[in-house]
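To start, the structure under review is shown below, and the notes come after it.
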Amino acid sequence: MTKVPAILAEGVCKSYGKTHALAGLDLVVEAGSVLGALGPNGAGKTTAVRILTTLLKPDSGRVEVAGLDVVTQAAAVRERIGLAGQYAAVDELLTGYENLTLFRQLSHLSRGVAKRRARDLLERFDLVEAAGRLVKTYSGGMRRRLDLAASLILAPSILFLDEPTTGLDLRGRLTMWALIQDLARSGTTIFLTTQYLEEADHLAQQIVVIDEGRVIATGTADALKAQVGGERLELTLAPGSALDVAVEALGPYRSGEVQVDTAKRHLGVPVTHGAEHLAAIVRDLDAAQITLTDLALRRPTLDDVFLTLTGHTATEAKEVAETEERQPATRRSQ
Amino acid sequence: MNNRQFAPTERLTARSRSALYWALADAVVVAKRQIRQIPRVPDELITAMLQPIIIVLLFRYLFGGAINVPGTSYINYLMAGAFVQSAVFASANTGVGVANDLKRGLIDRFRSLPMAPSAVLTGRIFADLLRNIFVILVTWAIGLLVGFQPAGTFLAWIAASALVLLVSLVFSWLSALVGLLIPSPEAVAQAGIIWLLPFIFASSAFVPVSTMPSWLRAFSEHQPVSLMMDAVRGLLLNQPASSALWQALVWCGGMLLVLIPLDMWVYGRRTAR
């Protein structure tokens, strides 16, 4: 018996008038793995999720989820998947518990098992105290956690998360990450879309970069970062500190050519594992009698990835491809 | 089939029941959700209740003295119009709710579940039907308070109320169609009412059509809302109106036969984008 991939897409196309939301998308997600689909607004991520979750029919191409055709076997697919996303699809005028009950009943689950599961989910997602309150009183993070809980009511083996942390604050994002990692550890196959390289890096073993409705790069987070050039250390030296001495002191840490701007007394140093070495770097510079006025460790952003892979930034891509998202996602702030 | 590895973890009970069973069961679940929300946004129900109260009081005391109707008191004449008009206006809320459902991400969640797709519409309309029973009771109460004296049998009054409820069902499906075609709930609230006004006022609701100029009379006499009002009036006042009743029922049945499949079709098109 050959192993069936959890998600399989081949040459999937979807157009809205003249806009090609998907222009030949190919994907394979092995059972039990986490795939992160990285791309800017309008790249086609949401369209891909909507097709994979049977909400939208592709114009052409083959799409199988759990070994089932999403068009001809849509009902069977729906019994095996969960969907949560940036729109936090929960009813504001119901309580948290009522929301889970609603989705449990509409999933045709028997009461006993599902009731216990609803309680477990509320507990796991830290919503027990809020369960009796109307969702309209919830914070953004709580809504997103309830949305994720709702998507798990069927205990799906394949979970789709469409930008699960867009618009959340740092704390909310970290909580969601921990919950998603728990699910991945328990063996759930996860297809995740995101605009944050950091998020894909953190959660997914395998990353696909999507641009203009197509996969333009595939690989592990590390491979992708190596391609982009990893992190950069940005230093500005105080007057009186010699630039060449600093460059020499940084020698052991750099992973590429050091960029020197003499006029601004600025150094740009490509590094790997910069955060781990930061303390040592500062100590070494201090020992070499170098005084800094500014020091920053910059991680590669989505823009860096896009610049490397496509020659244009994510923001430009957004302008080129008409956005297929139905409402603008909150802008990235990094 | 080698997708056993992705099999649902527990047996869905769906397999043991028919599609019709789930279409109804899911509609009841969606309707319960709607009803549970009523006390949480009380303004909608209050508006729906105030509507017949204001119309009855306004026409009874402000215009009633100036309008003569043959054979009965003005309040007795007015009530049929008040019943049908309140039911029609209350039904206009259905479209606003449908537009709201479509606007929020909730519809995607519903569609990603193994539920009967029709239940999103039928459940809402079922809930609105229950709410309209309440509106009809309020209309009865205000009418009786200001001197309405129905004639005939109790059974006929029940039949009249049932007919009003049927009319509200027809207009709920019509309103749902407006909600499906116009994306903004605010616009639905406006547009859902305006085009109904000629049918409500150019009718036998508040004045006998015999007082109207002949060109308007031709429309007012034969348009469906008038026929529905005439049929209700016949039942409430024990007047022979079997032709109006028969025509009203044909209109209601015909409109439902067209509207329900049309709504479902438009719903499918609207959501699969």
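In the text below, chain A, chain B and the rest are named by the order of the sequence lines, each starting its count at 1. Computed from a prediction, not measured in an experiment: that's the story for all the values here. As a basis for the values below, the full set of heavy atoms in this structure was taken, side chains included, without hydrogen atoms, waters or symmetry mates.
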Inset, instruction - Please indicate whether A/R111 has more than 12 foreign heavy atoms, meaning atoms of other residues, nucleotides or ligands, lying under 6.0 Å from its CZ. - result: no
Legend entry - A/E123 atom CD, over 12 foreign heavy atoms within 6.0 Å: no
Legend entry - Heavy-atom contact with chain B under 4.5 Å, split by part of A/I158: side chain
Legend entry - Interatomic distance, A/D147 atom CG to B/L106 atom CG [nearest 0.5 angstrom]: 9.5 Å
Inset, instruction - Quick one: pull up CG in B/L113 and CG in A/L83 and give me the separation to the nearest 0.5 Å. - result: 9.0 Å
Inset, instruction - With a 4.5 angstrom heavy-atom cut-off, could you sort out which part of A/A6 is near chain B: side chain, backbone, both or neither? - result: both
Legend entry - Polar side-chain atom of B/R109 near backbone of A/V90 as donor-acceptor pair, under 3.5 Å: no
Legend entry - More than 12 heavy atoms from other groups under 6.0 Å of OH on B/Y267: yes
Inset, instruction - Give, as side chain, backbone, both or neither, the part of A/F160 having an atom under 4.5 angstrom from any heavy atom of chain B. - result: neither
Inset, instruction - Heavy atoms only: give me the nearest B/R40-A/L93 pair and the separation to one decimal. - result: NH1-O, 2.7 Å
Legend entry - Any side-chain donor near an acceptor of the partner, B/Q37 and A/D91, under 3.5 Å: yes
Inset, instruction - Indicate yes or no: does A/E92 engage B/R33 in a salt bridge with an N to O separation below 4.0 Å. - result: no
Legend entry - Heavy-atom proximity to chain B below 4.5 Å, by part of A/S151: both
Legend entry - Any donor-acceptor N/O pair, A/R78 side chain to B/R111 backbone, under 3.5 Å: yes
Legend entry - B/F134, CZ: over 12 other non-hydrogen atoms inside 6.0 angstrom: no
Legend entry - Gap between atom CD of A/Q105 and atom NZ of B/K32 - 0.5 Å precision: 5.5 Å
Inset, instruction - Check the pair A/L55, B/S112 against side-chain contact (heavy atoms from CB on, under 4.5 Å), reporting the backbone distance first and the verdict last. - result: CA-CA 7 Å; A/L55 299 182; B/S112 75; 4.3 Å; yes
Legend entry - A/E98 CD to B/R36 CZ distance, which is reported to the nearest 0.5 Å: 4.5 Å
Inset, instruction - For each of A/T53, A/L134, A/L106, tally heavy-atom pairs with chain B at distances under 4.5 Å, and name the one with the top tally. - result: A/L106
